[in-house]
Peer 1: 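Sending over a structure as C-alpha cells; questions will come in a sec.
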Amino acid sequence: MTTMSQEIHHETSYNKDDILEYALKHQFGEIHCKIDPDTGMKAIIAIHNTKLGPALGGCRFIEYKDTDSAIFDAMRLARGMSFKSAIAKLPLGGGKSVVIKPPHAFNRDAYFHRFGEFVHQLNGRYITALDSGTQLSDMDIIAQHTPYVASLTAHDGDPSFATARGVLRGIEAAVSYQLNKNSLQGLHVAIQGLGHVGALLAHHLHERGARLSVADVDQARVDAIVNKLGATAVSVDSIHKIPCDVYAPCALGATINETSINQLQTKIVAGAANNQLAHAYHGQLLHDKGILYAPDYVINAGGVIFAAGKYFHTLEQEVNDKVDDIRASLLQVFARSTRENKPTSEIADSIATEILAG
Ligand code: NAI
C-alpha cells in the first residue's frame, strides 16, 4: 500500500465530483464498474483509447482507501498504457483494471470468476493481464470466461525478462547519448529494488562490466546480489544519493520528487519503475539539472510488448526485436528533447499524443 499511496498521491487531490471531468480532460473512452452482490467483488475497467487496437493493460488487485482512489488509479494507468503502447508501436490501445481488494476475508477464486465475466462483457475492447497483486492463477481463472487475457500459466507469462531486457537497452541508449560511450564497462549503476526486474537487470549489467550499488527493503534480495555479483549494498534511504553514472529506480513509483532531485548525483535516471516522476514538472527539474531521464513508459515497455506477443502469438525473435527497439525510441526522445530544449518526459508525451492523433 505504501507504493500505491505514493503513486496516487497527486491524483487523490481531485474533487470527488470530478471523475468524469478528469476522464473528459484526458480524452477517455469508457469507464466501467462492476459490483457482484453475491461475492462482494467490486471492479473497474478503464479504457482510455482503442484507436490503435484493443486496450491491453493489467489488472490490479490491491486495497484502496476509497472507491474514487481505485477509479482514478485505473484511469491514470489506462492513459499511461495508451502512451506506452503507442510509442512501442503496438497495435493496442490503453486500458487498465482494478479489482478492489477488501480488508476482510473474501473468496479470491470467486472474485476472479466474476471479473472474467466482466472482461468478456466488453467484447474484446479490453484485454487483461498481470499487474500488482494479481498472479497467473487469477489469469487462468479469468480465461475460463473470456479469451481476452494476455498472461496465462500456459504462456509462461512472466514479463519481467522482457522488461529487464528493455531497461538494459534503455540504459545503453542513455549512456551512449549522455556519456558518449558504447559500452557499460566500468560504469557505476545504482539500482533501487531487486525484485523481478531489478535482479535480472543487475545480472545483465554485471555481465557487461558495470559496477553495481544496490538497495532493497528485503535484505535477502540484497545479500543474493551482493554475494553473486559483488555488488555494494547501500541503504534504501541513500541509494538515490550516491554518486553514480546511472540511477535505476526498479521499486516504487514517485521516487523522483522535490527532495530526491536535489540529492541525485547521477547523470542518468533510467529504470523500470512505473510513474517515477511524482509530478509531471519534475521532468523539467531533471532537465534543468542536466540529468537525462529515460521516460518510464518508454523504457519499461518490454512487459507490454511481451504480453502483446503472447496474446497475438508473435514469434519470440520478433518480440525480442521489438523490445530492442526501445533503444531507438529513446534515442529519438533524447534527440528531440535536445533540439526543442524540453524535458524528455514532455517529449515522450508529445510523441505518444501525435501517434494517437495520427
Ligand atoms: P517486484 O515487486 O518484483 O520488485 C520490487 C522490489 O522493490 C522488491 O524487491 C521490493 O522489496 C523492493 N522495494 C520496495 N520498496 C522499496 C524501497 N523503498 N527501496 C528499495 N526497494 C524497495 O516488482 P517488479 O516486477 O520487479 O517491478 C519493479 C517496478 O517496475 C515496479 O514499479 C513495476 O510497476 C515496474 N514494471 C514492472 C514490469 C514487469 O514486467 N515486472 C513491467 C513494467 C513496469
Side-chain angles (χ1 to χ4, degrees), residues 1-8 56-62 73 76-77 80-81 83-85 87-88 90 94 96 129-136 139 150-151 155-171 190-204 212-226 231 233-242 247-257 259-260 269-278 294-310 319 323 326:
M1 272 313 287
T2 316
T3 309
M4 280 318 309
S5 57
Q6 286 184 2
E7 286 188 11
I8 62 178
L56 189 150
C59 171
R60 284 198 161 173
F61 185 51
I62 55 178
D73 198 33
R76 184 178 55 81
L77 293 162
M81 289 306 296
F83 284 19
K84 187 184 287 202
S85 289
I87 290 208
L90 292 169
K96 207 86 177 186
L130 281 181
D131 208 299
S132 311
T134 46
Q135 53 206 33
L136 285 173
M139 300 294 128
S151 331
H155 280 167
D156 190 14
D158 183 357
S160 309
F161 293 89
T163 305
R165 182 184 177 116
V167 173
L168 174 70
R169 296 292 169 250
I171 290 176
I191 307 179
Q192 180 194 46
L194 297 169
H196 290 93
V197 181
L200 289 166
L201 179 66
H203 280 89
H204 287 316
L212 302 176
S213 292
V214 297
D216 196 296
V217 287
D218 183 336
Q219 190 57 39
R221 293 184 178 174
V222 174
D223 292 345
I225 296 295
V226 167
V234 177
S235 78
V236 290
D237 296 333
S238 314
I239 188 72
H240 65 281
K241 299 182 198 166
I242 60 169
Y247 168 54
C250 297
L252 316 169
T255 59
I256 306 296
N257 51 46
T259 312
S260 66
V269 175
N274 275 314
N275 307 308
Q276 289 172 35
L277 304 180
D296 45 15
Y297 62 82
V298 185
I299 192 171
N300 73 15
V304 72
I305 294 169
F306 173 88
K310 291 294 175 192
V319 170
V323 172
I326 286 173

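Counting convention: from 1, in listed order, for ligands and their atoms alike.
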Peer 1: Looking only at distance, does Gln192 have an N or O less than 3.5 Å from an N or O of ligand 1?
Peer 2: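 N/O-N/O distance below 3.5 Å does not exist for this pair.
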Peer 1: For ligand 1, which is the ligand I care about here, please tell me if Asn300 has any N or O atom under 3.5 Å from one of the ligand's N or O atoms.
Peer 2: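 No; every N/O pair is 3.5 Å or more apart.
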Peer 1: If every non-hydrogen atom of Asp218 is compared with every non-hydrogen atom of Asp216, which pair is closest and at what distance?
Peer 2: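 Closest approach of Asp218 to Asp216: N-OD1, 2.7 Å.
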Peer 1: Using modelled atom types only, decide if a donor and an acceptor are shared between the side chain of His155 and the backbone of Ala150 within a distance under 3.5 Å.
Peer 2: yes
Peer 1: I'd like to check whether Gly198 has a polar contact with ligand 1, where a contact means an N/O of the residue lying under 3.5 Å from an N/O of the ligand.
Peer 2: no
Peer 1: Using heavy-atom distances, let me know which of Val304, Asp131, Thr163, Ile191 sits nearest atom 39 (C) of ligand 1.
Peer 2: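 Checking each option, the heavy atom nearest atom 39 (C) of ligand 1 is found in Thr163.
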Peer 1: Using a plain distance cutoff, I'd like to know if Leu252 has any nitrogen or oxygen under 3.5 Å from a nitrogen or oxygen of ligand 1.
Peer 2: no
Peer 1: Looking only at non-hydrogen atoms, which of Leu130, Leu77, Val197 approaches atom 26 (O) of ligand 1 most closely?
Peer 2: Val197
Peer 1: Flag the pair Lys84 / Asn274 as yes when at least one side-chain heavy-atom distance between them is below 4.5 Å, and no otherwise.
Peer 2: yes
Peer 1: Verify, without hydrogens or angle tests, whether Asn275 (side chain) and Gly253 (backbone) share a donor-acceptor contact under 3.5 angstrom.
Peer 2: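 It does not hold such a pair.
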Peer 1: Checking Ser160 against Asp158: is there a side-chain donor and acceptor pair closer than 3.5 Å?
Peer 2: yes
Peer 1: Enumerate the atoms of ligand 1 whose separation from the nearest heavy atom of Val236 is less than 4.0 angstrom.
Peer 2: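 By the 4.0 Å cutoff, the relevant atoms are 19 (N), 20 (C).
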Peer 1: Only heavy atoms of Ala273, strictly under 4.0 Å: list the atoms of ligand 1 that pass.
Peer 2: 29 (C), 30 (O), 32 (O), 35 (C)
Peer 1: Going by the order shown, which atoms of ligand 1 are within less than 4.0 Å of some heavy atom of Pro159?
Peer 2: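 Within the 4.0 Å cut-off of Pro159, ligand 1 contributes 40 (O).
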Peer 1: Heavy atoms only: give me the nearest Leu201-Cys250 pair and the separation to one decimal.
Peer 2: CD2-SG, 3.9 Å
Peer 1: Would you mind finding which of Gly195, Ala162, Cys250, Ala129 brings a heavy atom closest to atom 28 (C) of ligand 1?
Peer 2: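 Of the listed residues, Cys250 has the closest heavy atom.
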Peer 1: Could you tell me whether Asp216 and ligand 1 have an N or O pair separated by under 3.5 Å?
Peer 2: yes
Peer 1: Short question: side chain of Ser132, backbone of Arg60 - any donor-acceptor pair under 3.5 Å?
Peer 2: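 No.
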Peer 1: On a heavy-atom basis, which atom in Ile171 and which in Ile299 lie closest, and how many Å separate them?
Peer 2: N-CD1, 4.2 Å
Peer 1: List ligand 1 atoms under 4.0 Å from Ser160, heavy atoms only on the residue side.
Peer 2: 40 (O), 41 (N)
